[in-house]
Amino acid sequence: HDTTQSDGEKHHGSSVSMLGKAKANLQRNTPGNSNSRLVSDREKLDFDSIVKDEPWDNHLINLDERFTVEQVTLESDYCKRVTLKNCANSEKALALLCDQWVEVYVEPGDLVSIVGEACTTDGNRVFNFGNNYCNLLITNPDILVTGTVASKSVECSRRAVLEQRFMSPELEETGSFPAEVHGLLSSQMWTRCVLLQEGEKASPAALVGSLLHEVFQKSIKWGAGRVDQESLIMEASMLLSESIENLFDISASENEILNKMSSHLPAIQNFTDTFMRSSPHPNSAIPYAFNEPQRQTSIPQVLDIEESISSPRFGIKGNVDATVQVVLSNPATRQGLDPPSVMPLEYKSGSRYDEFQHRAQLSLYTLLISERYSEYVQHGLIFYSKTDQVQGLKVAKPDIASLMIKRNEVAYFLKNGLSLPSMAETSYPCRFCPQQHTCMIWARAVEGRTSLSGLPQENMFKQLTAHLTAS
């Protein structure tokens, strides 16, 4: 396996990069808040007197409350004060949103979930949110944003909102378009947007990836020493024979897809033989954090496959490829091993081009696993079969905070009908974006734009909407 430390360093400067991307994106999209008001200096709280920096561990498992927002007060460019009422006992509380948290979309009447602990100042409960605090604020927590969508929002919130909007269960079941779109977007246009999403799913790469997921999951359940190339090819062939309809959809032959799958099977066998064992293999050392030594890793047990977890506490949901019990080496302990812990394991058949998003997705899955198993989950694993690489992840608290802020932004736009976040400031995220057509059609038909003059997406807009005319 290629598990060099340089890769860990390259991709795990994430505390800074993820936070920076999220904040820049939020600043573009923050709407004017007519419900906020400025206050005089004498009304402001003494922030230094209520600083409390506690670890997250127990908070993730034991401490969460729901509140209704009563008032939002913008105190400065870097701090927002939110008056809350507890949904359980109607007690009042205060939330101070500072640093990157000041950008959170929150309005009177919103429902919020707070994971963390309050301090008491002058008899008032105060929740602090900022770079020096460990609390999490989740707005509109009953809007469950998928971990995949939330991770994509770091690069482009507009893409994330579109993907979540077109993957709603109601849409999948009925194929109809929302009532609020009527009069702005014809049913034919809405259907075209849906077909664009379906077209993205129906491709050789998508079918290969889906089938390889099943092969990988079967392989890790078999365990080390029980997998060879012949058994994997037989499993791949059987799965492929059950997907004949999909082959017609993408106009591909069975041999063509099987050949594409076969190139990944040696890596899947290698992963199984190296990691699916009761104690770490000598060749199982992988990086988890750029400033820590690599750690030998073993997976003695698969707890669940495709575990579907929904969390109204965190306002997210997701299907974890595999939930596994993991043993990590630790030279500082007498046995040289840490006690077994639960982790999410994600399988990727594509390249590491989107590794930043993959790590963000895995970070959110640690929250879901923490809640499901009542255990503070700090690590996760990603396996790339195309390059036969395994990457560990040690979750950074600033990353979780930044991702939760982006999740809140997606939930805000999903709650507020047809509005979408601004387009990306550069065209770089748009080049290979699967939402290109939908994004531009939405801008023309729903937002009523006739041009994107001055924006980097101007040429793309002209090309993809040239066929549209005003009705």
Could you tell me if the side chain of [Y] sits less than 4.5 Å from the side chain of [X], heavy atoms only?
X: E65; Y: R313; result: no
X: M261; Y: V215; result: yes
X: L381; Y: I299; result: yes
X: Q100; Y: I405; result: yes
X: V112; Y: L137; result: yes
X: H213; Y: V208; result: no
X: N124; Y: T121; result: no
X: Y373; Y: T323; result: yes

**Q.** Ion pair check, R158 and E447, cut-off under 4.0 Å
**A.**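 Salt bridge between R158 and E447, a charged N being under 4.0 Å from a carboxylate O: yes.
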
Q: For the pair K348 and E346, find out whether any cationic side-chain nitrogen is under 4.0 Å from an anionic carboxylate oxygen.
A: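 Yes, charged N to carboxylate O under 4.0 Å.
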
Indicate yes or no for a side-chain donor-acceptor contact from [X] to the backbone of [Y] under 3.5 Å, with no hydrogens or angles considered.
X: Q217; Y: D321; value: yes
X: Q71; Y: V82; value: no
X: S153; Y: A150; value: yes
X: E375; Y: V342; value: yes
X: S76; Y: Y78; value: yes
X: T146; Y: V149; value: yes
X: Q435; Y: A160; value: no
X: S151; Y: G147; value: yes
X: K80; Y: V104; value: yes

Among side-chain atoms of [X] and [Y], is any donor-acceptor pair under 3.5 angstrom?
X: T297; Y: Y288; value: yes
X: S351; Y: Y384; value: no
X: Q457; Y: S427; value: no
X: T139; Y: D110; value: no
X: N135; Y: N128; value: no

Q.
Would you say the ring centers of F216 and H264 fall short of 6.0 Å from each other?
A.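 Here the rings of H264 and F216 have centres that are no less than 6.0 Å from each other.
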
Q. Looking at Y105 versus F413, is the centre-to-centre ring distance below 6.0 Å?
A.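 Ring centroids of Y105 and F413 are less than 6.0 Å from each other.
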
Where is the tightest heavy-atom contact between [X] and [Y], given as atom of each residue plus distance?
X: F461; Y: A443; value: CE1-CB, 4.0 Å
X: S349; Y: S385; value: CA-OG, 3.7 Å
X: V377; Y: S370; value: N-OG, 3.0 Å
X: P287; Y: Q294; value: N-CG, 3.8 Å
X: I220; Y: A322; value: CD1-CB, 3.9 Å

Rounded to the nearest 0.5 Å, what separation is found between the [atom1] atom of [X] and the [atom2] atom of [Y]?
X: R352; Y: H358; atom1: CZ; atom2: NE2; value: 10.5 Å
X: T148; Y: L364; atom1: OG1; atom2: CG; value: 9.5 Å
X: L345; Y: D304; atom1: CG; atom2: CG; value: 12.5 Å
X: K152; Y: K406; atom1: NZ; atom2: NZ; value: 14.5 Å
X: R125; Y: F127; atom1: CZ; atom2: CZ; value: 4.0 Å
X: R407; Y: I138; atom1: CZ; atom2: CD1; value: 7.5 Å

(Q) Can you tell me which residue among L464, L452, T465 is in a side-chain contact (heavy atoms from CB on, under 4.5 Å) with R444? (A)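 Per the side-chain contact (heavy atoms from CB on, under 4.5 Å) rule, the option paired with R444 is T465, out of L464, L452, T465.
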
Q) For E70, what residues pass the side chain to side chain donor-acceptor pair (under 3.5 Å) criterion, not counting sequence neighbours? A)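 So E70 forms a side chain to side chain donor-acceptor pair (under 3.5 Å) with K92.
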
Q: Would you mind listing every salt bridge (charged side-chain N to carboxylate O under 4.0 Å, His left out) that reaches into residues 141-151, with sequence neighbours excluded?
A: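 Qualifying pairs, neighbours excluded: R66-D142.
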
Q) Where do F129 and C98 land on the side chain to side chain contact (heavy atoms under 4.5 Å, CB included) test, with the steps shown first? A) CA-CA 6 Å; F129 301 88; C98 302; over 6 Å; no

**Q.** Verdict with reasoning, L94 to R81, per side chain to side chain contact (heavy atoms under 4.5 Å, CB included)
**A.** CA-CA 7 Å; L94 188 66; R81 182 165 66 178; 3.1 Å; yes

Q: For the pair S402 and V154, evaluate side chain to side chain contact (heavy atoms under 4.5 Å, CB included) and give the outcome as yes or no after the intermediate values.
A: CA-CA 9 Å; S402 297; V154 176; over 6 Å; no

**Q.** Over 12 foreign heavy atoms within 6.0 Å of NZ, K415
**A.**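 Yes.
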
Q: Mind running side chain to side chain contact (heavy atoms under 4.5 Å, CB included) on K462 and M440 for me, showing each step along the way?
A: CA-CA 9 Å; K462 291 178 179 178; M440 298 304 150; over 6 Å; no

